Amino acid sequence: MNGSHLNPLSRRGLLGAAGAAVAAGGAGALGAPTASAADGTAPQEPPFGPVTVRPGDTRYESLLRGNNFRFVGRPDEIRVVGSTEQVVRAVDDAVRSGRTVAVRSGGHCFENFTADPSVRMLLDLSPMDAVGYDPARGAFSVRPGATLGHVYRTLFKGWGVTVPAGGCPEVGAGGHFAGGGYGPLSRWYGSVVDHLYGVEVVVVGRDGTARAVVATREPDDPHHDLFWAHTGGGGGNFGVVTRYWLRSPGASGSDPARLLPPAPRAQLALLVTWPWDDTMTEQAFTRLLHNFGTWHEGNSAPGSRYAGLYAILIASHATAGGFLMTVQIDADIPGARQLVEEFLRELYAGTGLRGKETWLTMPWLHPTTWPGTGEPGNVGTRRYKIKAGYLRRSFTAAQLAAIHRNLTNSTGTAGGGMLLVGYGGQVGAVAPTATAVAQREVVMKAVYQTIWSAEQDDAANLAWVRNFYRDVYADTGGVPVPGAVSDGSYINYPDTDLADPEWNTSGVPWHTLYYKDNYPRLQRVKARWDPRDVFQHALSVRP
């Protein structure tokens, strides 16, 4: 998953198991300068690797799988790397030998981008996980293999700051940041890329030589176009990101604690559960979803007094027996509980329903990094298909009827369902062309999912979620065509069906659904920085 960047409270443990689930030197883990033996201090430990694992090695099978067990590749080698220089050498090796290379940091891609049969070298960046402050750039440095949980813990413990990234602690920063990144604090602070200052990327020139390039948001940076492409252009398109630098726009000075948003002290959380029983009529269910949508329509402008409130409605298939909603808000926002209660009143209005409510307040770091995985399924069986769409307003009546129909039919299972995720707020304060994230006027994300265990159940589960999605978007060719209600989809929730004419009959190409009018600019960046199309996958930017 480049990512399933939802709320950890929606995953498992505390609030239940619903929801599914992208230059050398500088700072060390906490920003200390690299030491040398000449100055009387101990030398810095050398970077991990490189390690080459090939078929027949006892480690090979264990390193093949990413998060989605549906996809298992068979590359000639898995190169586990620990530095930018090692990445440069690995990419050079791949290009010289004519092998397709793919990059994995956290491994949470929804599709087979790193496991396609064409991939002959898999680059594993997981050892590149340092997080710290880089005084030379006046920004925080995050390596791509760092998990979001590690990023949160390090930024919080060191400086009391954070980034508005996803709610699954084990997602790697590598793909998550490049695709835009969002999470529980995005309505308050915007997308992750709104705080991105720079990237270090290993690219391949027209002559086939790999090199590392640093690109920043400075308007006079000659590499600015490469930076812009990594503010939502998706992973695996232009090169291999080996470092991100983060500093909020407008932040200045030398105090790191003032260069990113302050982390909350505590979080007020609410869990609401409803049973799928006789009280959950179609009218009650569709009104509940309608109210969730219309509340977000009216309360998702930048600066809204409700911008700190983040809610996810997780509507499981009826065979699950019930479904739930999670809400969280910074506990120190004045009147935080009152804001949530006002939201609940509008949510319940006209439904005849009152869910079972569980309230709790916790120190911020605990729910942000615990229970720790956010993985769909379990450690032994983790197969899933996820589809998505942006919403500019609430679903239409016909769409709500389709959602109810598919969540109560005889072909769905307890592993199926949909999520409505609150969005908007400060995200909408940024122009659609300022970053590669074009969808800046949306108020929710919809996620359609099915999770199962056994390979023999693949066909049935894929058919169910594909038909569900096509039914919801029946009026627009089976996909969320940008318009009054929908606004395409999120590249970190990649879905190759959008490029398949069997499932996308709209006539609108997949790249418009993901990038809208920003796609031609991304193509120009691709032509400049990856002219040989070295980095490619099923939904990669085409030269």
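FYI, side chains are in, hydrogens and waters are out, and symmetry mates aren't considered; it's all heavy atoms of this structure. Keep in mind that this is a model prediction, so the values were computed, not measured.
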Peer 1: Would you call Arg521-Asp225 a salt bridge at under 4.0 Å N-O?
Peer 2: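 No, no charged N to carboxylate O under 4.0 Å.
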Peer 1: Ala301: which residues meet the side-chain contact (heavy atoms from CB on, under 4.5 Å) condition with it, sequence neighbours left out?
Peer 2: none
Peer 1: May I ask you to check whether over 12 heavy atoms, not counting those of Arg96, lie within 6.0 Å of atom CZ?
Peer 2: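 Yes, CZ of Arg96 has more than 12 neighbouring heavy atoms, counting only those of other groups under 6.0 Å.
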Peer 1: Do you know which two heavy atoms are closest between Tyr310 and Val421, and how far apart they sit?
Peer 2: OH-CG1, 3.3 Å
Peer 1: Can you tell whether the side chains of Asp93 and Arg99 come within less than 4.0 Å, N to carboxylate O?
Peer 2: no
Peer 1: Measure the OG-OH distance between Ser489 and Tyr390 for me, rounded to the nearest 0.5 Å.
Peer 2: 7.0 Å
Peer 1: If you round to the nearest 0.5 Å, how far is CH2 of Trp359 from CG of Leu271?
Peer 2: 11.5 Å
Peer 1: Residues two or more places apart in sequence or in another chain: which of them pass salt bridge (Lys or Arg N to Asp or Glu O under 4.0 Å) with Asp129?
Peer 2: none
Peer 1: Can you find a heavy atom in the side chain of Val427 that is under 4.5 Å from one in the side chain of Pro164?
Peer 2: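 No, side chains not in contact.
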Peer 1: Which heavy atom of Pro127 sits nearest a heavy atom of Gly82, and at what distance?
Peer 2: CB-CA, 4.4 Å
Peer 1: Would you call Arg440 and Asp194 a salt bridge, using N to O less than 4.0 angstrom?
Peer 2: yes
Peer 1: Can you name the closest pair of heavy atoms from Leu148 and Ala165 and give their distance?
Peer 2: CD2-CB, 4.2 Å
Peer 1: Would Tyr493 and Lys387 count as a side chain to side chain contact (heavy atoms under 4.5 Å, CB included) if you check the C-alpha gap in whole Å, the side-chain angles of each, and the deciding distance to 0.1 Å?
Peer 2: CA-CA 7 Å; Tyr493 295 158; Lys387 304 169 76 67; over 6 Å; no
Peer 1: Look at the side chain of Arg120 and the backbone N and O of Arg74, then say whether any donor-acceptor pair between them is shorter than 3.5 Å.
Peer 2: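 It does hold such a pair.
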Peer 1: Can you measure from CZ (Phe110) to CD1 (Ile386) and round to the nearest 0.5 angstrom?
Peer 2: 4.0 Å
Peer 1: How long is the gap from CG on Leu268 to CD on Gln328, to the nearest 0.5 Å?
Peer 2: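 So the gap between those two atoms works out to 9.5 Å.
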Peer 1: Looking only at atom types and distance, does a side-chain atom of His195 sit under 3.5 Å from a main-chain N or O of Tyr189, one as donor and one as acceptor?
Peer 2: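 Indeed, once roles are kept as given, a pair shorter than 3.5 Å links the two residues.
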Peer 1: Side chains of Gln536 and Asp530, heavy atoms from C-beta outward: is any pair under 4.5 Å?
Peer 2: no
Peer 1: Taking the side chain from Ser304 and the backbone from Tyr306, do they hold a donor-acceptor pair closer than 3.5 Å?
Peer 2: yes
Peer 1: Atom OG in Ser252, atom CG in Leu259: separation rounded to 0.5 Å?
Peer 2: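 Interatomic distance, Ser252 OG to Leu259 CG, rounded to 0.5 Å: 8.0 Å.
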Peer 1: Looking at side-chain heavy atoms only, is the closest gap between Arg70 and Asn112 below 4.5 Å?
Peer 2: no
Peer 1: Do Phe156 and Thr162 touch side chain to side chain, with heavy atoms closer than 4.5 Å?
Peer 2: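 No; the side chains remain at least 4.5 Å from each other.
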Peer 1: With a 4.5 Å limit on heavy-atom distance, are the side chains of Tyr423 and Leu391 in contact?
Peer 2: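 Result no, sub-4.5 Å side-chain heavy-atom pair not found.
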Peer 1: If you take all heavy atoms of Tyr519 and Ser540, which pair is closest and at what distance?
Peer 2: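 Minimum heavy-atom contact is OH-O, 4.5 Å.
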Peer 1: Going by heavy atoms in the side chains, are Asp330 and Trp188 under 4.5 Å from each other?
Peer 2: no
Peer 1: How long is the gap from OG on Ser83 to CZ on Arg243, to the nearest 0.5 Å?
Peer 2: 10.5 Å
Peer 1: When you compare the side chain of Pro219 with that of His224, does any pair of heavy atoms fall below 4.5 Å?
Peer 2: no
Peer 1: Do Phe238 and His230 have side chains that approach each other closer than 4.5 Å (heavy atoms only, starting at C-beta)?
Peer 2: yes
Peer 1: Testing the basics here: between Trp529 and His223, what is the closest heavy-atom pair and its distance to 0.1 Å?
Peer 2: CH2-CD2, 3.5 Å
Peer 1: Quick check against the 3.5 Å criterion: does Asn518 have a side-chain atom that pairs as donor or acceptor with the backbone of Pro432?
Peer 2: yes
Peer 1: Could you go through the side chain to side chain donor-acceptor pair (under 3.5 Å) check for Tyr182 and Asn492 one step at a time?
Peer 2: CA-CA 10 Å; Tyr182 84 99; Asn492 274 357; over 6 Å; no
Peer 1: For a side chain to side chain contact (heavy atoms under 4.5 Å, CB included) check, start with the C-alpha distance between Val101 and Phe535, then their side-chain angles and the critical distance, and finish with the verdict.
Peer 2: CA-CA 7 Å; Val101 61; Phe535 303 99; 4.0 Å; yes
Peer 1: Could you tell me whether a side-chain N or O of Thr154 sits under 3.5 Å from a main-chain N or O of Val151, the two making a donor and an acceptor?
Peer 2: no
Peer 1: For Arg528, is the CZ atom crowded, meaning more than 12 foreign heavy atoms sit under 6.0 Å from it?
Peer 2: yes
Peer 1: Check step by step if side chain to side chain donor-acceptor pair (under 3.5 Å) holds for Glu77 and Tyr60.
Peer 2: CA-CA 8 Å; Glu77 67 175 82; Tyr60 184 78; over 6 Å; no
Peer 1: Mind listing the closest non-hydrogen atom pair of Val91 and Val240 along with its distance?
Peer 2: CG2-CG2, 4.1 Å
Peer 1: Is the count of non-hydrogen atoms from other residues, nucleotides or ligands lying under 6.0 Å from Glu441 atom CD greater than 12?
Peer 2: no
Peer 1: What do you reckon, is CZ of Arg532 surrounded by more than 12 foreign heavy atoms closer than 6.0 Å?
Peer 2: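 Enclosed: over 12 neighbouring heavy atoms sit under 6.0 Å from CZ of Arg532.
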